[in-house]
A.B. asks: 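Sending over a structure as structure tokens; questions will come in a sec.
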Amino acid sequence: MTTAQGPGPAPRIILDEATTPAPRLDFGWEKAVAAVAPPGGRGWSTPALLGAGAAVLVLGLSLLEAGNFVAAQFDRAAWLGWLTLAVAAGGFGLVFTAIWREARGYLALRSVDRARAAHARGDVATLRAELEAWQARLPPSRARAEGLADMPADAVCALVEAKALVPIAQDAAALGRAAAVQAFAVTAVSPSPGLDALVFVWRGIRLVRQVAALHGFRPGIAGTVSLLRRVALDAAMVAATDVAVDAMVRGVLSSRIVEHVAGEAAAGAVAARRMILLARATDEACRVLPRR
Amino acid sequence: MDPLTLLRGVLDTAEDAARALVGRERIRLAVTGLSRAGKTVFLTSLIANLLAAGKGARTLPALSDAAGGRIRRVFVVPAGTETVPRFDPDAHLGALAADPPRWPERTEDFSTLSIAFDVERRTSLGGLLPDRQVTLDLIDYPGEWLLDLPMLRQGYAAWSAETTARLRHGVRADAAADFLAFVDGLPADAPAEDALAKRGYTLYRDALRVCRDTHGLRFLQPGRFLNPGPRGEAPLLWFFPLPEGAKGGLADLCARRYAAYLEDQRATFLDPYFSRFHRQVVLVDVLGALHAGEAAFTDTADALSAVASIISGANWLERLLGAAPTRVAFAATKADHVPARARDALAALVEHISFGARGRAEQSGAAVSCHAVAAIRCTEDAVARLEGQAVAAVRGVLLQDGRGATIYPGEVPMKPPEPAFWEAGLFSMPEFRPPRLDPAGASGMPHLGLDELLAWLVGDLL
Ligand SMILES: Nc1nc2c(ncn2[C@@H]2O[C@H](COP(=O)(O)OP(=O)(O)O)[C@@H](O)[C@H]2O)c(=O)[nH]1
Ligand SMILES: [Mg+2]
């Protein structure tokens, strides 16, 4: 773009009038590049809406019904009214306690997502708060990482991993091995394959809840269902990445029981493998920090 | 190519293939650039922005899009038992964010760092397979040492003849007046006297320093004369170019030291780090060269071309073994020194200054493209009034005293300037204070065009 007539104005520096230092430039970069929040509340699915509606109807109408009934009893005789009220209050109290417990168990699982999201964003303050809260919920006998307050994020994660998550993972693996031995034993003694399947499902769900308890979660029914969904998502990954599972299955199957019932080994091995996998996948799903 | 190099090439190629098979690719990215081109700052910004992008920040949108949003995580590969120092992006970032800020010191030694990406696989079957992990190997080093590469293909006599011829030309002749007087005064059969060797070395080194620091020249050899590195000066360095016809003991001594110097550089620097690259980015401070005058401009072009002939130029065998980079990007650095509308001109100009170097890369079958980037954007666009007319300029905060200033960088020609252009005189661009930065680097740092450069360079590998 130089013209043949000669050079344009020469380069130069024009200093500001003010002799005091100017503030550093600020492009608002942090805001411009901030991670877009993941699309929040996906809304309710149709079955969930149906279920919630039915629950409100059943509970609400029966509350109204009970109210009417109590009022009617008061009309008959005061003592009868009081007695009916006590019965109704006791009954509904138990129902609501159950609902409250379910909700708590379910919401506690959400804290895993929050902690992991904070970790992914690099939001140290939230991560620390979530980790502290999570550690507070752990069973009392568990070792905890102390003094997270003034540590950098990397160190916080490494410490929580080493102090709490690794021992939990070891215990989860132990639970998985125990369940594997039991599952294997069941195939050896049970009279029908149908019964086997039933026992496996029951033992599997129990295992998932046991491992969740290691992480400080006490899921109710809704919590367990949501947990199982998570586990299913993580299971594929665990299966694909983990050669350790195979080694462990071999370790379990060389135990005494196996020698006695070697004939049933095929079906039993599959079941045992599933239990070990399930324990690992549950551990994966419940971890407050992603595996390194 | 000697059999040992060939064997190593075959082994490396086998390793690359095996890694690709299990989804654990390793990309060696050569960040080449003459001294002060902006390599250290480029690496710092690259790493900070990649790590931030791995946490979901949109610091490198073009790269994220090129990877189809499949980048799951980015992390620094933990240190092993390397003997080479580690590139420390946190320290550099901390210094840039500090108040008052500091730019990185002149690089005196090698350092390396590897960045790994967890990338979701492309195919839908991928859900069942674990993520791929792509590792990007980066190294930082003194740019001066790069000029030792072309020396590897020259004997002492040829190098001496070429170097003294160059020294007798233009601004070099002034800078090297003392040295030239010294060598011209030596008898042709000067004895192998260490006092003479040392004297010649000192004069030659001082001439090189003046060429680099006062005249902005870059084709200055050998590299360790200007930047001796962590081991400092050794007797190995006590040599200098002698005019043609010198063949006494001193000439023999210089020739032996020349050979020993190259052997040492080859063993410690060039062979381990500069023999095999998958991708290459060549950083050029075009604007600095333009402002330093015609001599500096052509000298930079010559230096780039000489270096490229070794790094990107490959014979068919090297190409077959994957030892030559398949994509080479040429980037004008410090693009924030010019207003937005002049940045295209800057990219066009880098195309011209790297003409020789590009030719080498293209000959060996690499894809080539040109860019203008600012690793750290330190200015904003502004308008200056000069001689009654409004011109596009940039505004920034000066490094030294923290005063604000508007800088008119002059016209940026899109092709090598005509003689009249140089009459505008020399100009020295001031250093700027970086913008406000988060010392923890959670959101990387403001840049210009870094993402497009990376998308082109490595986007296809993710
Ligand atoms: N404004 C601006 N200046 C830069 C940029 N990159 C490098 N510089 C300047 O160039 C100097 C040399 O950069 P450096 O990375 O040390 O060069 P190296 O010798 O190639 O490693 C720095 O001290 C900065 O003043 C950039 O993106 N923008
Ligand atoms: Mg450097």
Side-chain angles (χ1 to χ4, degrees), chain A residues 1-38 116-127 152-154 157-158 232-243 290-292, chain B residues 51-53 55-59 61 73 99 101 127-130 291 345 377-380 384 386-387 389 391 393 395-398 401-414 417-418 420-425 427 429-430 432-438 440 442-446:
Chain A
M1 280 194 279
T2 13
T3 48
Q5 298 93 37
R12 72 194 65 179
I13 303 170
I14 307 157
L15 282 177
D16 284 1
E17 308 278 282
T19 46
T20 47
R24 285 167 76 167
L25 296 187
D26 191 343
F27 298 112
W29 180 256
E30 286 82 5
K31 294 209 187 61
V33 302
V36 268
R116 287 193 194 179
H119 178 265
R121 277 199 314 274
D123 177 353
V124 188
T126 316
L127 178 63
D154 288 358
C157 296
L233 285 182
D234 279 324
M237 204 198 78
V238 171
T241 50
D242 216 337
V243 273
R291 192 178 291 282
R292 294 190 166 222
Chain B
L51 291 179
K55 289 179 181 155
R58 299 259 318 151
T59 50
R73 189 165 77 110
D99 218 3
L128 291 174
L129 297 168
H291 286 155
R377 180 180 180 189
C378 305
T379 67
E380 54 196 4
L386 294 183
E387 291 142 27
Q389 73 188 97
V391 290
R395 235 195 80 78
V397 181
L398 300 187
D401 49 6
R403 276 178 76 178
T406 305
I407 283 100
Y408 171 65
E411 199 71 56
V412 180
M414 298 189 83
E418 290 155 48
F421 178 87
W422 303 112
E423 285 161 22
F427 176 69
M429 183 60 79
F432 292 103
R433 290 200 170 177
R436 203 178 50 71
L437 297 172
D438 170 16
S443 27
M445 52 178 81

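So that the names make sense, note that chain A is the first sequence line, chain B the second, and so on, each numbered from 1.
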A.B. asks: Check whether B:Met445 gets within reach of chain A through its side chain, its backbone, both or neither, counting any heavy atom under 4.5 Å.
C.D. replies: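 Interface part for B:Met445: backbone (N, CA, C, O).
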
A.B. asks: With respect to chain A, which residue among B:Gly444, B:Pro446, B:Gly410 yields the maximal number of heavy-atom pairs within a distance under 4.5 Å?
C.D. replies: B:Pro446

A.B. asks: Closest heavy-atom contact between A:Leu25 and B:Thr379?
C.D. replies: CD1-CA, 3.6 Å

A.B. asks: Given heavy-atom pairs under 4.5 angstrom as the criterion, report whether the side chain, backbone, both or neither of B:Pro409 touches chain A.
C.D. replies: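 Contact with chain A: backbone only.
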
A.B. asks: Tell me which of these, B:Gln389, B:Arg395, B:His291, has more heavy-atom pairs under 4.5 Å with chain A than the rest.
C.D. replies: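 The candidate making the most pairs under 4.5 Å is B:Arg395.
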
A.B. asks: Quick one: pull up CG in B:Leu437 and CH2 in A:Trp29 and give me the separation to the nearest 0.5 Å.
C.D. replies: 10.5 Å

A.B. asks: Under 4.5 Å heavy-atom distance to chain A, tell me which part of B:Asp438 shows up: side chain, backbone, both or neither.
C.D. replies: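 Both the backbone and the side chain of B:Asp438 come within 4.5 Å of chain A.
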
A.B. asks: Is the positively charged end of B:Arg377 above the ring of A:Phe27, judged by distance under 6.0 angstrom from the centroid and angle within 45° of the axis?
C.D. replies: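 Satisfied, under 6.0 Å and within 45°.
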
A.B. asks: Among B:Pro61, B:Ala53, B:Pro101, who wins on heavy-atom pairs under 4.5 Å with chain A?
C.D. replies: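 Top count of heavy-atom pairs under 4.5 Å with chain A: B:Pro101.
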
A.B. asks: Heavy-atom distances under 4.5 Å only: say whether B:Leu398 touches chain A with side chain, backbone, both or neither.
C.D. replies: side chain

A.B. asks: Determine, for B:Arg403 against A:Asp16, whether the closest basic-nitrogen to carboxylate-oxygen distance falls under 4.0 angstrom.
C.D. replies: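 No, B:Arg403 and A:Asp16 are not salt-bridged.
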
A.B. asks: Which answer fits A:Pro23, side chain, backbone, both or neither, if we ask what part of it has an atom under 4.5 Å from a heavy atom of chain B?
C.D. replies: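 Only the backbone of A:Pro23 comes within 4.5 Å of chain B.
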
A.B. asks: Identify the heavy atoms of B:Pro435 and A:Arg24 that sit nearest to each other, and give their distance.
C.D. replies: O-NH2, 3.3 Å

A.B. asks: Considering only heavy atoms from C-beta outward, does the side chain of B:Pro430 approach that of A:Ile13 to under 4.5 Å?
C.D. replies: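 In short, these two side chains touch, coming nearer than 4.5 Å.
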
A.B. asks: Who wins among B:Leu51, B:Val391, B:Thr59 for the most heavy-atom pairs under 4.5 Å with chain A?
C.D. replies: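 Highest number of heavy-atom pairs under 4.5 Å: B:Thr59.
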
A.B. asks: Identify whether the distance between the nearest side-chain nitrogen and carboxylate oxygen of A:Glu30 and B:Arg58 falls below 4.0 Å.
C.D. replies: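 Salt bridge absent between A:Glu30 and B:Arg58.
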
A.B. asks: What part of B:Tyr408 is in contact with chain A, defined as an atom under 4.5 angstrom from a non-hydrogen atom: side chain, backbone, both or neither?
C.D. replies: both

A.B. asks: Checking heavy atoms, do the side chain of B:Glu387, its backbone, both or neither come under 4.5 Å from chain A?
C.D. replies: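 Interface part for B:Glu387: side chain.
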
A.B. asks: CG of B:Leu386 to CD1 of A:Ile14: how many Å apart, nearest 0.5 Å?
C.D. replies: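 The distance works out to 5.0 Å.
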
A.B. asks: Let me know if B:Pro434 has heavy atoms under 4.5 Å from chain A in its side chain, its backbone, both or neither.
C.D. replies: both

